[in-house]
Each structure stands twice: as structure tokens, then as C-alpha cells.
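Presented below is the structure to which this report refers.
Since we're looking at a predicted model, the values are computed, not measured. Per chain, numbering begins at 1; letters A, B, ... match sequence-line order.
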Amino acid sequence: MNALRKADLKAIIISLVVFVVLQALLSTNSLDAFWQLNIILICINIILSVSLNLINGYTGQFSLGHAGFMAIGAYTGAVLSVNFHMPFIVSLITSFVTAAIIGGLIGLPTMRLSGDYLAIATLGLGEIIRIVIMNVNYVGGAAGFMGIPRHTNFAWAFFVMLFVLFFIKNYVNSSYGRACVAIRENEIAAEAMGVNTTKYKVLAFTIGAGFAGVAGCLFAHTFYIIHPSSFTFLASFNYLIMVVMGGMGSITGSIAGAFILTTVSALLSNWPELRMSIYALILIALMFYRPQGLFGNIEITSLPVLKRFKGGKQK
Amino acid sequence: MGIMDQFLQQLINGISLGSIYALIALGYTMVYGIIKLINFAHGDIYMVGAYIGFFCITILHWPVLPALVASMILTGILGMLVERFAYRPLRSAPRISVLITAIGVSFFLEYTMMYFVTPQPRTFPSVLEDAAYHFGPFVVNNQQIMIFAITIILMAILTYIVQYTKVGKAMRAVSFDTETAQLMGINANRIISVTFGIGSALAAAAGVLVGIYYNSIDPLMGIMPGLKAFVAAVLGGIGILPGAAAGGIILGIIEALVSGFISSTFRDAAAFAILILVLLFKPSGLLGKNTNEKV
Amino acid sequence: MSVLLEAKNVSKMFGGLKAVSNFNMTIDKGELVGLIGPNGAGKTTAFNLFTGVYQPTTGIISLDGQSLAGMKPSQITQRGIARTFQNIRLFSELTVLDNVKIAYHTHLNYNLIEAVLRVGRYMKQEREIEDNGRELLKIFKLEDKAGEIAKNLPYGAQRRLEIARALATRPQLLLLDEPAAGMNPQETKELMDMIRWIRKDFALSILLIEHDMSLVMGICERIYVLEYGSIIAQGIPDEIKKNPEVIRAYLGGEA
């Protein structure tokens, strides 16, 4: 098991190297403003896709309401920063807590549903959240919430993302994660093994919603302004596509999915209609030729090549 | 206007809107009944139907009824093509793959359309003279009468097809048990294709009617009505044709009442709230039967 | 001997259909009991009632003197009833070892923070279940398949894995639903030895549903016969073999 710790250490070192390189690029202004923003967006989208993967990929509960929880986090964070002048970290933590609580409250009744019904119910709930926000004048209503301080820089986005990845990786490799996967594989057998399926479904939903809230808070503090139209179910589709593209049940996959789709989106941003048509074709082609996603349910650390490289036999 | 008059008026508006939802919901429910797919692209099929009708009327200067029929035929073919090339190859794939493909098809239709017709809304020509008729406390205009009439005719035709024709019986057999139906000599692929064709044609009719009713169409017009129609289908009991029709009308009425008496911004929220309540308390819908999984 | 499981006047209605009625059964500690009956007699329904998948319409089921009424299946598993399924329900995309590890779920008590930070009880308990799991797989001759995906195992091995997984929950009572279904005579014989051995070595009671009469008559100490949801006979194998009611139920018609 020490090998596990060692693997963690390696991962941390690699992450730090990545951070230093990217930060150096940013500090020396080697990237233009557009890409500077997109690097932050990639980090935020990774948080969203990995947290959605916990619900959809690991626990097998098909949620289409992720953008709703993101909206809760975004507005909570914005209100705390603008109206209460709270430090950013307080906004972030409160965003997590608020989105997680609402996620849990929503999860409790809806987790009785399964498959398509759950998908469509979460979609509806996400839309309800958005419509309610749209009707609250305190947060700007349909016009959006303006004047949010720009707290999110690359360092914040990167380290929050790292924390979320670390949290979810360890979560899924514990008895909590095994309970989730058991539910996905066979709910009746999971119950028969003593797994309280309701509890673990709601827990996964709560944690996933909480981190979507954190991503929302980072998002709100990136653009000065947030708008209810950023959090429609189409945004939820987008995060779902990242998860499916990368592979349901693979953290590596979610990272790759978020990275690729955010980059492709950015590259095609000058041709908005074409962008979406191409996007759609990629999606359909992916389902035809690689429906399990790029990584299936495999992590990069367990690929045979890398295993040999490390010489270890740990998982 | 007294509150009662206002109520009755919203009822009329609600039934018009509800007829549109019902027409779209029928296609949703037929497709779900037969291949268990939430066809997210169905709303966009409806949008394409509206555009075809629009071009028939504005460019070809056709009268409204031929335009409606042409739109139904062409859109029906489009629906069959979508099924043939996007969904059929995935018949044995996991459900989520097909669902994601449906989302892909939806995006593709929306934005390819946008590429050709620009995102700007188009003004649908007024094909009927503005006239309103008073029936006691009700005021009904020409467009509404047309919507009611066409909806009722189409539903009657659909009922006839499903109940009395060979194709209709085969459709019911396939939706009940695809494998057994195939063993009985039914070509399931052909029946599924026909189902998509009929469902899409009904959506196209809804599209043209919406154009006539609201005078405005745009490439993203299908997203919300598509979802609402799904809500209507769930409300009535998914897979059940009379359920979809009833669900559509009920949803239309509730929406009209919410926008008339509360606020139009909460209209969409009301639809989704109904969806969630139905799913939680009677997931099989108003006309559905409960089923249990065998352990 | 003391009573472990007791079902008193249990009945279960599905709509108007009586799946099980006036069902009485006791299983003593350490006993190996068989439940037989024609197809559709309600045997699996009885299992589903014992494990909380269904709640009885009337009557009481108790384990060690405590009523199980209103409990979810997971709670009943925690009380000590484990089961296998007639139509195998493995976690089919997971490895053999992970299948067993999941079953240790109720015996792990580290909390969320320990899990995420990998501190405290996490390391110790994870190591324990890893070792115990491998040990258990060895007993079922699955140790060299620990890393394989469950669905790729041959049928007989899948049945064994299901039993191993049930045992990992550390039950007092093990319910086996047609464990020999689809096995050849050789495999069935091995299974019989294994069931006897499990009962002794794990010191538990076993209730099994089985159609293979040689297996049931060979290892069960007591047998219940179910027909149309009611117990029509019970006793030691020799009595059951001669019971005219049982012969009638199985061969039909006259007698």
C-alpha cells in the first residue's frame, strides 16, 4: 500500500511540473488573452466533468442537471463576493456547501427513479433552478449578475481542480466508490451485499453537485458577469458529452474529454454554427466507433505500458 | 374582463398550445414505445417541418394546406433518414450511446439549419385572415380553429392507422415485444422506420401550425417545445398514444393558466415541476400501468 | 439447538395473486435445510421475503428473535442473511477480487475523510479486505482469477464466485437459489462437498432452493416442500421421498 502513496507523490510532482510550465507561459505572456482564459476554462470544465462522472460514470445514475448545480455555486459565490465582500476561499467553500445541500435535497426523492426517467427529471430540476434564479431580482434576474471581482486566476483554478481530482480519485478507490460501482453494475446485488443504495446514490449526487458548485464559483469569478443562460440544460449536455467522450468511470477520460472539447470549442469559436455542426458529427462518430469513450473505464495509471514502466503490480 | 372570462380565454389558448404539444408528443411517445429512445432530436424535426412549410408558402407561393402536406411528407422522410443512418446502426448498443447520438443529431439539425437560414427568426406569413368568433363567453380566432381542426383530423387518421391497418397492428406488436414480433414475420426495421416517419410528419404539422399561430420561426425553436412534448408524453404515460394527446392538452392548459395568472416567466418551470411530480408519484403516467422488476 | 430464522404465517400478495400464503418455517443454527417445489411454487418469492426485497403482506419473519419487518435488503444483510441469485447477479464488469471486496462493505467503518485522505483506519482495513478476499477466493479455487473480469469466467466459476461473495458479508444464514443450475454432475458433486464444508467451516446455517434431487436429498438435513405458495410437507429427506403429497405435486394428477 506504500506503493499507493508513492503513486500519489508522483502524481503530485507531475502536476506541479505542469503547473510551473503553464504558469511560466502565462507570466511571460507567451499566450494571448484568449488562451489564457481558455486554460482556466479547461480547469473548470475538468472539475465539472469529473464530478459528473462520479454520478453518471461511477454510480451509473444518469444526471442531466449538472449546469443547475453549477449555477447555484456561481450565484452563491458571486453574492458572497459582491454583496458581502467575503474572501474568495469562503465563497468557494460556501458554493460547495450550498450546491451540495441542494443537490442532496434534490437527490433524496429523485434517486428512486432510474434510467431515462432520472435523466429527464434531473434535466427538469436543472431548468427549474435556472428559471428560479432568472426570477430573483436580487441576483440580477434575466439580465445577469454583474460586477463580480475577477478572483479566479490560473493558480486558483489549477489547484482547486487538483484538489477535486485528488478527492474523487481517492473516493472512488475506497469502500464509498466500490459501493457506487456496485450500484452501477447491479443495484439488487449491491443491496444484497449490504450496500445502502439510496445512501450512496444520494452521497454521490451530493458530492458531484457540490463540486459543480465550486466550478460555478470559479466560473463566476472569471468573467465579471454571470447570466442564467450560461446554465441551461444544453450546458449540462456539454459536460455529459465530455464524460462520455472520455469514458464513463475513468477520471483520466474526464480530464481528456474536458480538455479536448474545450480546446476544440475554442479553436472553432470563430465559426459558431459550423462549430456546433462539427461538434455534433464528432459526437455521433464517437458513439458509432467508440461508444465506451476514449478511455473506457480505464485509468492512465493502469495502462499496461505505464505499468511496466513503473514495474509495480499495484492497481 | 372578469376572472372567469379570463380563465376561459386562457383555457382556449391552452388548448391551442396543448394541441401543438400533443402532436409533437405523439411522435415522442411512439418512438419511445417502440425502441425506448428519448429522441432528443424530435423537437428539431418539428423545427425543420416549420421551415419546409415556410419555404413552400413564401417561395413556392403554395396555399397553406398543400404546404402542410408537403412539409409532413418531406419531414417524415427526414425522420426516416435520421433513424436509418443515426439510430439503426446502434440498435444493439447501450441505451446511453443512442441517447448521446440523439443529442448529436439534435445539435446537427439545429446548427446545420442555422448555417443555411441564419439564426435570425423569420416572420411566418399570415395565411389566414384575422377573424375572431364569439361563442358565448369564448373568443376563438381563425388560427385556433385551424389548429384544433387539423389536430383532430391528424389524430383521427393516426388512430385509424394504429388500430385498423396492418402497419398499425405491426407497430403495436413491435412495441409490445420486438423479438416475438419478428418471429411472427414482422420486419421490425421497416416498422420502426414507419414509426419515425409518422411521428416526424406529425411534428412537421405542429411546426407549420406554430408558424401560423405565433408568426415566427427560428432554428432553435424546437428545443423547448421538444422538451415540453416529452413532459406531455411522460405525463400521459409514455408509450401510450391517447396519453400523449391528453398530456399535451393538459400541459398546454396548465402553461396558459400559469402565464395568465402568475407570470409567463414561470411557464417553463411549471412544466418541469409537473414532470417531476408525475415522475415521483406516478412514474407510469396518468394512463399508465405500474410494473415491477422481477428479482 | 436454538432457532435462527423463523417465518410465522407469512403471506405475500401481488395484486390479487397469492404468491406465498400461510408460510411457516424455522431454521436452527447450523442447520442445512432444503426448499423444493415445482416451478412457480413461490420458492424465490420466499427468498425475496427473507432478504427484504419484498415485504410480507401478513406475518412475521425474524432472525435470532428479532423481527425483520420494514428493513431494507441492505439492513438485513447487515443482520446476517446473505444470498445468491437464481439468475446470477455478479458485478459483471468488475474483477473477481473487486466483487468480493464490495461484499466486505458492511465490515469497513472508516469515514469519508479517512477515505479521501487515505489516513487512519483506511490503509489497515483496505489491506485486511484485500488479504481476506484473496483468502476467500483461494477456498473457491478462484485465486488465480482474482484479476479477471467477472463476466469472462466460466459459468460454474461464476456460481462459485457468487457464493464466495455472499460469504464475504459474513452471514449467519446463507440462502442459495439453485446453486447447481446449469452444472454438470461432476460440478454438482463438488458443489455438494463445498456446501457441506462451508456450513461447517463458516459455522452458519444454509437454506437452499434446488431442483437437483440428488443434491437436495444428499446434503439437506431437513426439507420443506412448497406448492402453490403453501408448504405441503416438511421433514427429513427419507420422509419427503415417501410423502404421497410430494409425489403428487411432482408427478401430478392421481396418487
Checking heavy atoms, do the side chain of [X], its backbone, both or neither come under 4.5 Å from chain B?
X       : value
I129(A) : neither
N135(A) : side chain
Y117(A) : both
L64(A)  : side chain
L113(A) : side chain

Max heavy-atom pair count under 4.5 Å with chain A, selected residue of [options]:
options                            : result
S106(B), A269(B), A273(B), S263(B) : A269(B)
L99(B), I276(B), T101(B)           : I276(B)
I38(B), L90(B), I100(B)            : I100(B)

### Query
By number, which residues in residues 244-260 of chain B have some heavy atom less than 4.5 Å away from chain A?
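Contacts with chain A: none.
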Return all side-chain donor-acceptor pairs below 3.5 angstrom for residues 231-243 of chain B, not counting sequence neighbours, or 'none' if the list is empty.
none

### Query
Of the listed residues (L125(A), L118(A), I241(A)), which shares the most heavy-atom pairs with chain B below a 4.5 Å separation?
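Max contact count across the listed options: L125(A).
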For the student: nearest non-hydrogen atoms of [X] and [Y], plus distance:
X       : Y       : result
F288(A) : F85(B)  : CZ-O, 3.2 Å
F107(B) : A280(A) : CB-CB, 3.7 Å
L279(B) : A121(A) : CD1-CB, 3.4 Å
L275(B) : I120(A) : CD2-O, 3.4 Å
S97(B)  : P291(A) : OG-CB, 3.5 Å

### Residue pairs passing the ring-ring contact (aromatic ring centres under 6.0 Å, His included) test where at least one lies in residues 253-283 of chain A, sequence neighbours excluded
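Matches after skipping sequence neighbours: none remain.
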### Query
With the threshold set at 4.0 Å, does a side-chain nitrogen-carboxylate oxygen contact exist between R95(B) and D116(A)?
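Judged by the 4.0 Å cut-off on N to carboxylate O distance, R95(B) and D116(A) do form a salt bridge.
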### Query
Considering residues at least two apart in sequence or located in another chain, which fulfil the salt bridge (charged side-chain N to carboxylate O under 4.0 Å, His left out) criterion with R84(B)?
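In terms of salt bridge (charged side-chain N to carboxylate O under 4.0 Å, His left out), with neighbours along the sequence ignored, R84(B) is linked to no residue.
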